[in-house]
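In what follows, every chain begins at residue 1, and chains take the letters A, B, ... in the order their sequences are listed.
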Amino acid sequence: MKKERFITYEEALNEALHQEMTRDSRVFVFGLDVADHKRIFGTTKGLVEKFGKERCFSTPLSEDALSGFALGAAVNNLRPVQIHIRVDFMLLAMNQIVNMIAAYRYGSGGKLKVPLVIRGIIGRGWGQGFQHSKSLQSFFAHVPGLKVVMPTTPHDAKGLLTSAMRDENPVIMLEHRWLYWQTGAVPKATFTIPIGKSNVLRKGNDITVVATSWMNVEALHAADILKKKKRVNVEIIDPRTLSPLDDGPIIQSVKKTGHCIVADYDWMNCGFSAEVAARVSEKCHSKLRSPVQRVAFPETHCPTTRPLESVFYPNARDIVKAVEKALKLKPVDLSGEEFYSHEKKFKGPF
Amino acid sequence: MAKVSTKRALEFYKKLYLLRAAEEGIQRYYFDDEMKTPMHMSMGGEAIAVGVISALKKRDQVFGTYRSHAIYLAKTEETNKFFAELYGKATGEAKGKAGSMHLASPSRGFLGTSAVVATTIPVAVGAAFANKRKKNKKVVTVFFGDGAVDEGVFWESLNLAGLWKLPVIFIYEDNGLAIHTPTSKRQSYKSIEKIVSQFNFKVFKSDTTNVLDIYKIGEEAVKTARKNKPCFVHLRYYRYLEHVGVSQDFKAGYRSEKEFKKWYKKDPILLMKKELLKRGMNTSVIEKVEKSINRKIENSITLAQKAPFAPVRETFTDIFV
């Protein structure tokens with residue numbers, strides 16, 4: 001068997017851009033500082049050297065106009081990839097994203113198409129605070145006409161970004177900064193992961209955890225602890241695409257396990273976790289053996305200082321607690337388990 | 001004033017008359033309450049749409065606003081899909097999904113409008129970027145009102161187009177009113193031209209309502225933009241009707257009828273008619289042209305009235321490709 005190649009999430013994104021820009025000359029990349037010395041944490045490395053400054057360029061700080069700019073370029077048959085180094089900055093472009101980009105095809109009666117990609121990076125830790133840490137997938141997934149993807153693994157990052165660049169519709173891709181250093185097996189040749197297809201990240205028969213983005217890392221950690229300490233087998237479903245949501249594998253899993261926890265990397269109130277919980281209630285009502293539980297952000301802002309920030313973010317421990325509750329387990333002995341270890345890894349300034 | 005043959009002058013008149021007569025058609029039937037779409041009428045500003053669009057080549061592209069009846073008709077010269085769209089019928093350009101505020105005709109290069117002020121300006125800039133990349137020599141023209149320059153995205157877009165030297169023309173249709181608030185109560189600066197010229201734009205300004213004057217300015221702007229120098233064209237006109245709706249509103253108190261009467265003396269349609277008569281054209285020739293346009297409009301309205309609504313499934317289509 002051929003040996004698998006392991007690369008980081010960051011390298012996977014970079015490779016997807018290189019390969020697709022080579023394949024399709026209509027693809028171009030732009031945004032604040034995409035062509036500077038830091039290259040969006042390495043994900044735009046080598047693009048300006050290989051494809052020239054016409055196809056990879058840094059821009060003025062005009063998020064609103066530049067989103068409209070992407071729409072205009074897409075309508076005229078280019079394939080823009082706009083990058084926001086923080087999702088929070090996308091709020092400056094909300095009018096273009098929601099009123100224009102999402103509705104443009106509909107308003108034209110299907111005569112125009114809008115093939116564009118918006119990449120937004122979710123910050124966390126080392127004082128990112130309440131304006132550098134948002135994920136907002138629930139906002140975006142709420143709007144018809146936008147596809148929303150949140151890859152967790154390097155494999156999915158490459159495959160989904162490639163699919164996004166080939167899609168004829170607007171795709172918003174939300175990337176967690178901490179996932180950038182995760183490594184995984186990724187084929188070197190170009191490939192796609194279909195948008196709108198959920199993935200079973202870990203198989204199990206006892207309880208279903210539906211997790212998004214970074215919460216998959218926490219869910220895997222929780223699953224390891226539960227397996228080791230309680231012989232509980234957790235099944236983890238990573239939807240990967242939040243809209244349009246492929247709820248089939250989620251429903252199938254909950255019908256099998258009878259229990260569902262939704263661990264969403266966003267605010268709980270009116271969030272994506274509520275959408276999943278509602279669908280599970282509607283479609284698995286008679287099979288549920290415990291109420292659907294949600295693990296997500298509380299109704300407050302992300303504080304800057306570390307001790308409070310750790311209170312804000314849910315983690316593997318919260319998932320373990322939810323599993324205990326659903327399965328009526330005695331408390332798991334968590335002594336010796338380390339949580340929030342990634343905070344130690346992530347250093348500033350940005 | 002652009003020097004044109006009498007034959008060409010008549011063509012201009014036909015277009016102007018088409019725009020005016022189409023909106024008069026809307027006025028005639030509006031109170032039947034079958035055209036259920038907020039009407040922002042172009043009446044009074046016809047010379048801008050006709051003058052500028054006549055200076056473009058067919059393949060050039062145009063963006064507009066929610067006040068785009070004139071732009072649609074000047075760019076497409078068709079009235080069947082136009083009225084069907086206003087009546088919300090399946091035969092409309094967007095099957096009734098767009099209505100008056102979102103008119104477009106992509107196959108004829110009219111790439112879109114928006115009901116949120118100023119929001120098509122950056123889209124036009126992006127479209128111009130694509131054209132420049134493809135070296136296809138197409139010029140993009142975007143029309144917007146004086147309310148639009150109060151929006152931040154106008155200034156962002158101005159900067160992008162100037163910075164990247166894009167083949168785009170900004171048409172600033174200035175009627176002095178954003179809804180009901182005059183420019184004097186909204187703008188702290190005196191001359192937008194002075195500011196815009198610093199953004200690497202070629203700037204034009206005129207108070208004319210004569211379509212041949214505007215055509216001449218348009219030709220100059222198109223020539224300039226085609227060489228990748230963006231243009232800003234400030235054209236003043238008077239909005240004859242209320243902000244939204246088909247009636248006059250001089251009794252509302254925010255403006256006076258006197259002002260209207262002053263501008264109406266140089267009504268773009270009347271000016272062009274006078275020009276034709278001055279050139280010795282027979283009244284009967286002009287009347288014949290007018291009658292033919294009236295018939296075309298009446299016919300389109302009848303067709304629209306009789307047309308079916310889109311089937312229920314259309315509510316859900318055209319979200320994704």
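Nearest heavy atom pair, residue A:Leu160 against residue A:Ile193, reads CD2-O, 3.6 Å. What you find for B:Cys231 and B:Phe201 is that their closest heavy atoms are C-CD2, 3.4 Å. Scanning both residues, A:Leu161 and A:Ala16, for their nearest heavy atoms gives CD2-CB, 4.0 Å. Taking each heavy atom of A:Cys56 and A:Leu47 in turn, the nearest pair found is SG-CB, 3.8 Å.
Counting heavy-atom pairs closer than 4.5 Å to chain A, the top-ranked of the candidates B:Val123, B:Leu103, B:Ile319, B:Leu111 is B:Val123. Residue with the most contacts toward chain B among A:Ala70, A:Gly110, A:Ala65: A:Ala65 (heavy-atom pairs, distance under 4.5 Å).
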Kindly provide each donor-acceptor pair between chain B and chain A shorter than 3.5 Å, listing atom names and distance.
| from | atom 1 | to | atom 2 | distance (Å) |
| --- | --- | --- | --- | --- |
| B:Gln61 | OE1 | A:Asn76 | ND2 | 2.8 |
| B:Gln61 | NE2 | A:Asn76 | OD1 | 2.9 |
| B:Glu93 | O | A:Lys111 | NZ | 2.8 |
| B:Glu93 | OE2 | A:Lys111 | NZ | 2.6 |
| B:Lys95 | NZ | A:Gly109 | O | 3.1 |
| B:Leu111 | O | A:Tyr104 | OH | 2.8 |
| B:Thr119 | O | A:Gln96 | NE2 | 3.0 |
| B:Pro122 | O | A:Phe69 | N | 3.4 |
| B:Ala127 | O | A:Asn76 | ND2 | 3.0 |
| B:Asn131 | OD1 | A:Asn76 | ND2 | 3.3 |
| B:Arg133 | NH2 | A:Ser25 | O | 2.7 |
| B:Lys134 | NZ | A:Asn76 | O | 2.3 |
| B:Glu156 | OE1 | A:Ala65 | N | 2.8 |
| B:Thr315 | O | A:Tyr106 | OH | 2.8 |
| B:Asp318 | O | A:Tyr106 | N | 3.2 |
| B:Val321 | N | A:Asn169 | OD1 | 2.7 |

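Shown here are the side chain to side chain contact (heavy atoms under 4.5 Å, CB included) partners of A:Ala103, two or more places apart in sequence or in another chain: there are none. For B:Thr181, the side chain to side chain contact (heavy atoms under 4.5 Å, CB included) partners at least two apart in sequence or on another chain are B:Lys185, B:Arg186. For B:Phe320, the ring pair (Phe, Tyr, Trp, His ring centres under 6.0 Å) test picks out no residue, with sequence neighbours left out.
Centroid-to-centroid, the aromatic rings of B:Phe143 and B:Phe170 stay 6.0 Å apart or farther.
Within the 4.5 angstrom heavy-atom criterion, no atom of B:Phe154 approaches chain A. With a threshold of 4.5 angstrom between heavy atoms, B:Val116 approaches chain A through side-chain atoms but not through N, CA, C or O. Only the side chain of B:Leu160 comes within contact range of chain A, with at least one heavy atom under 4.5 Å from a heavy atom of that chain. Heavy atoms of B:Ala98 lying under 4.5 Å from chain A belong to its backbone as well as its side chain. Residue contact with chain A, scored on non-hydrogen atoms closer than 4.5 Å, is absent for B:Ile121.
In this structure, A:Phe139 places its CZ atom where only 12 or fewer heavy-atom neighbours from other residues, nucleotides or ligands lie under 6.0 Å away.
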